[in-house]
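Accompanying notes for the structure given below.
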Amino acid sequence: MSDNKPFTRPKVPDGHAFLVTTRQKEITPGEFFVGYETIWETHQKEVPYSTPKKP
């Protein structure tokens with residue numbers, strides 16, 4: 001009944017949510033677990049500090 005094919009992990013599409021994207025890592029031979037990487041988008045803008053003008 002079984003085909004005795006080697007197990008292949010299915011390709012999972014990228015997951016998109018508000019300010020975050022998850023991506024499946026590449027399959028490394030000999031490893032059991034394939035992880036996911038999480039990419040966060042910045043939601044704050046950083047402005048360089050400048051001293052205020054003196055009165």
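- Here the closest non-hydrogen pair linking Val12 and Gln24 is N-OE1, 2.9 Å.
- The side chain to side chain contact (heavy atoms under 4.5 Å, CB included) test applied to Glu26 returns no partner, not counting sequence neighbours.
- The distance from the OG1 atom of Thr21 to the OH atom of Tyr36 is 15.0 Å, given to the nearest 0.5 Å.
- Counting only residues at least two apart or on different chains, no salt bridge (charged side-chain N to carboxylate O under 4.0 Å, His left out) pair has a member in residues 42-52.
- Members clustered with Val20: Trp40, by chain and number, using a 4.5 Å side-chain heavy-atom cutoff among hydrophobic residues.
- Taking a 4.5 Å side-chain heavy-atom cut-off between Ile, Leu, Val, Met, Phe, Trp and Tyr, the cluster of Phe18 extends to Leu19.
- Between His16 atom NE2 and Thr22 atom OG1 the span is 8.0 Å, to the nearest 0.5 Å.
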